[in-house]
Amino acid sequence: MKEIQMASPSAVRQVLQARGLAAKKNWGQNFLTDSAIAESIAAQVPPDNLLYEIGPGLGALSQFLLPRAGLLALVEIDPGLAAWLQQLFAEESATQRVDILQGDALELNFDAHAQQHGFANYVICGNLPYYITTPLLKHFLCQKHWGQMVFLVQREAAQRMAARAGNKDYGLLNLMIEYHAELDFLFDVADSAFYPRPEVQSTLIRFSRRPAPAITVRDEHLLFATINAALAQRRKTLVNALKNSGLAPGVDWPLLLASIAIDGQRRGETLSLEEFGMCSDALWQQLHS
């Protein structure tokens with residue numbers, strides 16, 4: 001690997017200008033310029049795994065991840081930056097220590113890619129673009145074989161991820177996180193650590209996959225379909241949201257909710273994961289009776 005210095009905004013600007021590149025707002029590109037922070041982030045990643053880095057950019061974090069990875073897969077949507085990474089990691093690519101994937105992480109089947117490379121499990125990390133953090137996390141959480149995920153995200157977004165039932169920020173992502181993972185807050189990162197300098201502070205978070213989901217349900221797909229239906233119209237009562245969702249048109253929702261002692265006049269955002277599990281299991285029983 002070519003040695004690179006990304007310890008200042010001016011160093012990042014020089015590399016971008018030399019390649020005819022620029023930070024793209026539409027892809028939420030903010031490049032990490034603090035090597036000490038990059039090294040601290042890498043230290044949170046478990047070693048000797050297939051390791052996916054999302055949005056590696058110029059490789060400021062990648063160079064610290066490489067020694068810890070069994071295989072480092074760099075997922076970069078920007079063709080210009082992917083070309084830079086190919087040059088930067090030419091030797092490691094040739095020896096199959098680095099796999100550079102130019103494309104959208106939302107379109108990557110991580111489970112299938114890992115299987116193709118002989119890994120049963122993997123780790124995902126990176127500095128997630130703020131504008132697409134939620135869709136990315138939902139996509140990652142739906143993959144079956146990740147073990148840990150370590151991400152730098154907007155601090156406010158991290159705080160919203162910890163919301164519980166009844167909070168205005170509580171929604172599908174919170175329930176997906178609770179179902180699949182334990183969430184830890186590691187440390188904050190100031191806006192001065194990036195170029196261009198964002199208008200927000202960041203937080204490093206870690207998801208550790210639960211050995212088994214937080215609750216046991218008859219049908220996981222039906223559980224999240226029920227959650228989606230209940231939360232799609234947040235201003236409606238639970239019973240009306242479920243009635244109008246089209247999830248199960250022939251079901252008597254007031255009767256079903258009464259059978260599990262859940263008040264249909266509540267709003268979906270007040271239900272716990274366990275209560276959603278009760279709803280989906282009761283629905284499953286009706287659909288299969």
Side-chain angles (χ1 to χ4, degrees), residues 1-8 11-12 15 27-78 81-105 108 110-111 113-114 116-129 133 136-137 139-140 143 145-153 181 184-189 193-195 202-209:
M1 182 189 74
K2 292 184 177 181
E3 185 177 354
I4 57 170
Q5 298 295 327
M6 296 295 171
S8 70
V12 172
V15 173
W27 280 336
Q29 291 177 344
N30 298 94
F31 301 101
L32 189 61
T33 62
D34 190 316
S35 296
I37 289 175
E39 191 169 9
S40 296
I41 293 171
Q44 302 298 324
V45 174
D48 304 322
N49 289 277
L50 167 55
L51 175 57
Y52 293 94
E53 184 186 357
I54 309 303
L58 294 171
L61 175 59
S62 315
Q63 60 186 331
F64 294 103
L65 294 174
L66 179 59
R68 300 185 64 81
L71 170 64
L72 179 60
L74 304 176
V75 186
E76 177 55 61
I77 194 171
D78 188 322
L81 292 175
W84 159 262
L85 294 166
Q86 288 284 4
Q87 178 182 337
L88 186 66
F89 293 103
E91 181 179 335
E92 289 78 12
S93 295
T95 57
Q96 299 185 338
R97 289 194 60 214
V98 172
D99 187 16
I100 296 170
L101 305 172
Q102 195 271 304
D104 190 342
L108 177 61
F110 289 82
D111 291 340
H113 181 269
Q116 289 169 7
H117 286 78
F119 288 87
N121 299 286
Y122 52 87
V123 175
I124 311 176
C125 72
N127 175 23
L128 297 187
T133 295
L136 282 172
L137 287 178
H139 179 59
F140 300 151
Q143 306 295 308
H145 298 295
W146 60 270
Q148 282 195 5
M149 300 190 288
V150 178
F151 296 123
L152 201 55
V153 300
D184 294 305
F185 293 76
L186 301 177
F187 55 81
D188 291 337
V189 177
F194 301 93
Y195 172 82
S202 299
T203 296
L204 190 70
I205 59 175
R206 177 175 59 218
F207 299 95
S208 301
R209 191 178 196 95

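These values consider heavy atoms only, across backbone and side chains, with no hydrogens, waters or symmetry-generated copies.
In this structure, the salt bridge (charged side-chain N to carboxylate O under 4.0 Å, His left out) partners of Asp78, at least two apart in sequence or on a different chain, are Lys24. Here Arg206 pairs with Asp184 under the salt bridge (charged side-chain N to carboxylate O under 4.0 Å, His left out) rule; sequence neighbours left out. With sequence neighbours left out, the ring-ring contact (aromatic ring centres under 6.0 Å, His included) criterion links His117 to His113.
Panel note: side chain His139, backbone Ala105; a donor-acceptor pair is recorded below 3.5 Å. Looking only at distances, a side-chain donor or acceptor of Arg97 sits under 3.5 Å from a matching main-chain atom of Leu66. For the pair Asp34 (side chain) and Phe194 (backbone), a donor-acceptor distance under 3.5 Å is absent.
Using a 4.5 Å heavy-atom cutoff, the side chains of Leu137 and Phe207 are in contact. With contacts defined as side-chain heavy-atom distances shorter than 4.5 Å, the pair Cys125/Leu65 qualifies. Here the side chains of Val150 and Ile205 are not in contact, with every heavy-atom distance at 4.5 Å or above. Contact of the Thr203 side chain with the Val189 side chain is not registered, since no non-hydrogen atoms from C-beta on lie closer than 4.5 Å. The side-chain heavy atoms of Tyr122 and His145, taken from C-beta on, include a pair separated by under 4.5 Å. Between Leu61 and Glu53, the closest side-chain pair of non-hydrogen atoms falls below 4.5 Å. Side-chain atoms of Gln86 and Ser93, non-hydrogen and from C-beta on, do get closer than 4.5 Å to each other. Leu74 places none of its side-chain heavy atoms less than 4.5 Å from the side chain of Asp99.
Across every non-hydrogen atom of Asp111 and Gln143, the tightest pair is N-OE1, 3.4 Å. Closest heavy-atom contact between Gln148 and Ser208: NE2-OG, 3.8 Å. The heavy-atom pair separating Ala38 from Ala60 by the smallest distance is CB-O, 3.9 Å. Minimum heavy-atom separation, Ser62 to Pro56: OG-CB, 3.5 Å. Closest heavy-atom contact between Tyr52 and Val75: CD2-CG2, 4.2 Å. Across every non-hydrogen atom of Asn49 and Phe119, the tightest pair is C-CE2, 4.2 Å.
Phe64 contributes atom CZ, which lies 9.0 Å from atom OG of Ser40 (distance to the nearest 0.5 angstrom). Interatomic distance, CD1 of Ile54 versus OG1 of Thr133, reported as 11.5 Å (0.5 Å rounding). Here the CD-CD distance, from Gln44 to Glu39, works out to 12.0 Å after rounding to the nearest 0.5 Å. Taken to the nearest 0.5 Å, the CD1 atom of Ile37 stands 10.5 Å off from the CG atom of Asn127.
Test Leu81, Leu32, Leu85, Thr33 against Leu58 for side-chain contact (heavy atoms from CB on, under 4.5 Å) and you get one pass: Leu81.
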- Run the numbers on Leu128 and Leu152 for side-chain contact (heavy atoms from CB on, under 4.5 Å), then give the verdict. CA-CA 6 Å; Leu128 297 187; Leu152 201 55; over 6 Å; no
- Query: So Gln96 and Leu71, side-chain contact (heavy atoms from CB on, under 4.5 Å) or not? Walk me through it.
  - Reply: CA-CA 7 Å; Gln96 299 185 338; Leu71 170 64; 5.6 Å; no
- Query: Can you check side-chain contact (heavy atoms from CB on, under 4.5 Å) on Glu92 and Leu72, steps first, answer last?
  - Reply: CA-CA 9 Å; Glu92 289 78 12; Leu72 179 60; over 6 Å; no
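Ring-plane geometry between Phe140 and Phe151 is classed as parallel, the angle between the planes falling under 30 degrees on a 0 to 90 degree scale with a further cut at 60.
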